[in-house]
Structures are given as C-alpha cells and as structure tokens.
Amino acid sequence: MSASFIPKSDFLSVLMERGYIHQCSDFEGVDAKAKAGELIAYIGFDCTASSLHVGSLVQIMMLRWLQKTGGKPVPLMGGGTTRVGDPSGKDESRRMLSLDDIEANKTSIKQVFSKFLTFGEARTDAVMPDNAEWLTALNYIDFLRDVGRHFSVNRMLSMDSVKMRLERDQELSFIEFNYMCLQAYDFVELHRRYGCLLQMGGSDQWGNIVTGIDLGRRMGAPQLYALTSPLLTTASGAKMGKTAAGAVWLNADMLPVYDYWQYWRNTEDADVGRFLKLFTDLPMDEIRKLEALAGAEINEAKKILATEATAMLHGRELAEAAAQTARQTFEEGSLATSLPTVEIAASELAAGIGVLSAFVKAGLVPSTGEARRQVKSGGLRVNDAPVTDERAQLSNADLMGEGVIKLSFGRKKHVLLAPRA
RNA sequence: GGGGGAAUGUCCCGAGCGGCAAAGGGGGCGGACUGUAAAUCCGCUGGCUAUGCCUUCGCAGGUUCGAGUCCUGCUUCCCCCA
C-alpha cells in the first residue's frame, strides 16, 4: 500500500485506519469515486454452505463500512458458480449441490447480511444478486465470441495460482481454469446492471479481480477498480474461524450466540487491537485505549470485543446475555441457567444413566471412548466435581437446586442437562 | 500404445522382514502453569452393551493357522518413452 497516500473520502480513510486494506489497484481513483458518493462495490460469496463463517467477516465489514460512508454495497451470491462445483480441493471432486439446496443456502445467508447491511431500493441500499441470473443463460458460442476472445491464455498461465499448480504437477481442471473467466465476467456484468465500479475480496482474489478489470476495459466498460483485504490469521498463525468444534458459523442455528461470544472472548492478546478495529464499530480513540491495556487488564478489552462483535451479529440484548452467562460461569462460579441446555427424558435419568454416555448425549465428546480417555486426563466434571469413576451413574440425586445437572468438558465448555417430562 | 512408480489410521504428511489397532510427525483435544491469552511442560488422539467383541491400510478375489505386507484382476493418480 502506498504509504504516502492520504485519502480524502471517508470510505478509504476508515478502511486504511482500521487495517482492511492489503492492495488497491488505484487509490486515487477509488478515493475520488467514494468522495463523490458514486462508489458501488461488490464482493462475491459462495453459497456451498447454509451459513457464512467468521472467515468472511472482514469482507462483510468492508461492505458495511462502504454503506455507512455513503456507498452502495453489492454482496454477490455465487449461485451460478456453485452449480458447477468448485474443483479446487485437490482430489475430492466436491459433490454438486441441488438447486433447492443452493436456494436454501442463499436465503439463510441473506439473513446474516441483513444484520450488517440495509437492503432496499434507495441509492445506498444493498442489493444481493446471484450470478446464476446471467451465468446460466450464457450460450457457449456467444460467450466465447464476446468474452472468451479477450482472455489471453498466455497471461492466465502466468498467474500465480495457475503457475503454482503447473509447477507442482497438480491437476488443474478445465472448469477451474475457467473460473477466473466467469468471475471476470461477473464484474463486467455487475457494472452493466448496477454500475458497479469496485470489486473487493481477500488478497488471494487479487489476480481474479484484476482479470475482471482487464476484461472490463476490453469490453468497453469504464475504469474498474480492485481492493483486497489482508488474509487474516491469528497472531500465532492459525487460520481465522476454526475452532475445536469446527467452523465459527454466523447463523445462530449453527452456532449458539454464547459460543460466538466465547470465540471472541478467547482472542489472543496480540490480536485484540487488530480485531477491535476490524470487527467492531467502536471509535478509534476508544480502541486505542483498549489495546493499550496490558497484562490481565486486557481481558476487559476482550470482553468488550466479544460483546460488540456479538451485538453486531445477534443484537445487543443477546450479546449482553452471553456476557452475563460468561460472567456467572467464569467469574462468580455460580450456575448460569442460560448455559446451553440439552434435554433428556426424565424417565431415563430416573433409571440412572452412565456418566460417559451423558457426556456423549450432551454433545461435549464424540464417543464414549473419548469420554473414557478424558476421564483419565481429568477433563470431565459433573456439577464442577471431577469425574474419577468412568462407571459412575447420574440420576435424579445429581440434580441441583435449579433442576439441572451441569456437565463440563475442559475449563471452558459447559452444558446443562435438564430432565424433560 | 510401451515401460516404471504410487494409493496406509475418514484432518494432513508418512514408516511399515507374513503375527498389527499398525512407528514417527503436524494438527487437534485434555491436564499443569496463567488472565477463559500466548509460550512451555505432560498425557491422549478407531468404535462398542468392554479384561472381551467389532471395523480399519484404493476395490474385488486368492494363497496361508494368520495378509497393510505375497499372488491375480480392476480403479485412480504420477513419471519416462511413443
């Protein structure tokens, strides 16, 4: 990024100050459009799953800031490209999704976007097109004649993503090779339909985005722009968005609000400042104060990060509730009845149930074998007392005053077992 | 078309004279230490109605008391020659 560049637009000022920018094809150009309030930008999202996860959050936030600073965000659903199936995962030819699945995924994903963006008809309202709208209608011959002739295979071969695969003798299917053409075409089509001038994305998308700019020029569109965000890893090098249980989903039905709050609460010290800037709306001077906290005090900053990030996605009320649950569980050591609860038939409990299978039922461990091992290393607790006997039985006698049994796996994962009549 | 290699624990990489639930990493999980952090150290890392039973080494057969290991056929991938 050019260090000397000083943006005049709110959009670029915010993005630069908060660390969203890795590369931009033309800072002055984007700045001028943003300043003039003419900036319409898109980011592509694939819809292979029914929810986006934390890995997409930087992108979503960029669209959010665009809207807040007077631009029009266009989250593009990759319904068309999903239909082809993405072959880039080395060998497993990923199964193609049915049209119904894709539609269901789109609906589910749009729910998340509507938390971050305002949709509608007004000038800065977001729109969510699906590239299936134009890609499926394409005629192969027409596409080759009108679009395909603008692509230079020589250049495509020299792109890093392709070159790497060739050098490693890795399979590169024709479909995959065509992905960049389709993505480039999306850009041109979005300009045609919505006057979209800028494509944003992760830094790995740079090549594809620039290819789109190039195609635009050849097909008579005005100057288009590219802006990428840095690839996010935690300070210790792990990819964002993965935890023990799997991906950190944004939809509440795939990841409870409490778990989402916990994800942010467990941020590494070294990441707190960076994450506050990227994943909350807090003003910069407040963030500067928070990230200056040292030692154990930085935990306060982590709580704020967790609550703010959660509030943006799930609402203030649920975020505060999650914070409250955590406070009771970790700081006061009291029983928070708002912990995730798993129900069990009252008759089953009355008859007595093995501790091991109780933990499996609660979803804390995947198998009784794993539960058995965890008992040996002291990782399981019932009502805060370590499980020492793997043959122990749980029954009504273990119900606490609140009528539940608290099962804990490790220091942080807690579930309440509640009898159901 | 001809010749030569490869496929291993459902996260990945990877060893494996016919006695193997299968070495070693990475990753992950748990414990200790802390601050619900990082770093470090220790343990664990097929399933079950569990001193036993069941399922695993590309697929299908065969030889053998016994096969990841040997034989045959097949599938997929890679390399060299054409």
For [N], the Watson-Crick or wobble partner whose two distances fall under 3.5 Å:
N      : answer
B/rU40 : B/rA32
B/rG1  : B/rC81
B/rC20 : none
B/rC70 : B/rG62
B/rU10 : none

Residues in salt bridge (charged side-chain N to carboxylate O under 4.0 Å, His left out) contact with A/Arg391, at least two apart in sequence or another chain: none
Return whichever of A/Gly295 or A/Gly410 has its heavy-atom-nearest nucleotide of RNA chain B closer to the 5' end. A/Gly410
Assert: residue with more 5' nearest nucleotide on RNA chain B, out of A/Leu380 and A/Thr267, is A/Leu380
Looking at every non-hydrogen atom in both residues, tell me the closest pair between A/Ser51 and A/Met254 and how far apart they are. CB-SD, 3.5 Å
Please find the pair of heavy atoms, one from A/Ala319 and one from A/Ala311, that lie closest to each other, and give the distance. CB-N, 3.5 Å
Nearest-Å distance once atom [atom1] is located in both [N] and [M]:
N      : M      : atom1 : answer
B/rC44 : B/rG62 : C1'   : 40 Å
B/rC13 : B/rU45 : C1'   : 16 Å
B/rU56 : B/rA21 : P     : 13 Å
B/rU10 : B/rC59 : P     : 13 Å
B/rG14 : B/rU75 : P     : 25 Å

Please determine if A/Lys412 forms a cation-pi arrangement with A/Phe330, meaning its NZ or CZ atom is less than 6.0 Å from the six-membered ring centre and no more than 45° off the ring axis. no
Does a side-chain N or O of A/Lys413 approach OP1 or OP2 of B/rG30 to a distance below 4.0 Å, or not? yes
Using a cut-off of strictly less than 4.0 Å, decide whether A/Lys412 has a side-chain nitrogen or oxygen near OP1 or OP2 of B/rA37. yes
Taking atom [atom2] of [N] as reference, at what distance in whole Å does atom [atom1] of [X] sit?
X        : N      : atom1 : atom2 : answer
A/Lys376 : B/rG43 : NZ    : C1'   : 11 Å
A/Arg381 : B/rU36 : CZ    : C1'   : 12 Å
A/Arg411 : B/rC33 : CZ    : C1'   : 12 Å
A/Glu297 : B/rU36 : CD    : P     : 14 Å
A/Glu268 : B/rG35 : CD    : P     : 18 Å
A/His414 : B/rG30 : NE2   : P     : 11 Å

Which residues satisfy the ring pair (Phe, Tyr, Trp, His ring centres under 6.0 Å) test with A/His150, sequence neighbours excluded? none
Residues that A/Asp281 engages under side chain to side chain donor-acceptor pair (under 3.5 Å), provided they are two or more places apart: A/Arg64, A/Lys68
Suppose we screen for side chain to side chain donor-acceptor pair (under 3.5 Å). Which residues come up paired with A/Lys106, at least two apart in sequence or across chains? A/Glu103, A/Asp130
Should the pair A/Phe113 and A/Phe45 be assigned to parallel (<30°), tilted (30 to 60°) or perpendicular (>60°) ring geometry? perpendicular
Which is true for A/Ile298 with a 4.0 Å heavy-atom rule: it touches a base, it touches only sugar-phosphate, or it touches nothing? base
Can you tabulate the close N/O pairs, meaning under 3.5 Å, that link protein atoms to atoms of nucleotides 44-51 of chain B?
residue, atom, partner, partner atom, Å
B/rG47, OP1, A/Ser367, OG, 3.1
B/rG47, OP2, A/Arg373, NH2, 2.5
B/rC48, OP1, A/Thr368, N, 3.3
B/rC48, OP1, A/Thr368, OG1, 3.4
B/rC48, OP2, A/Thr368, OG1, 3.1
B/rC48, OP2, A/Gly369, N, 3.0
B/rA50, N6, A/Arg372, NE, 3.0
B/rA50, N6, A/Arg372, NH2, 2.4
B/rA50, N1, A/Arg372, NE, 2.9
B/rA50, N1, A/Arg372, NH2, 3.4

Considering only heavy atoms from C-beta outward, does the side chain of A/Leu66 approach that of A/Met62 to under 4.5 Å? no
Does anything in residues 301-332 of chain A reach RNA chain B, meaning a heavy atom under 4.0 Å, and if so which residues? A/Lys302, A/Ala326, A/Phe330
Please name the residue in the list A/Gln205, A/His22, A/Gln23, A/Gln59 that meets the side-chain hydrogen bond (donor to acceptor under 3.5 Å, both in side chains) test with A/Ser229. A/Gln59
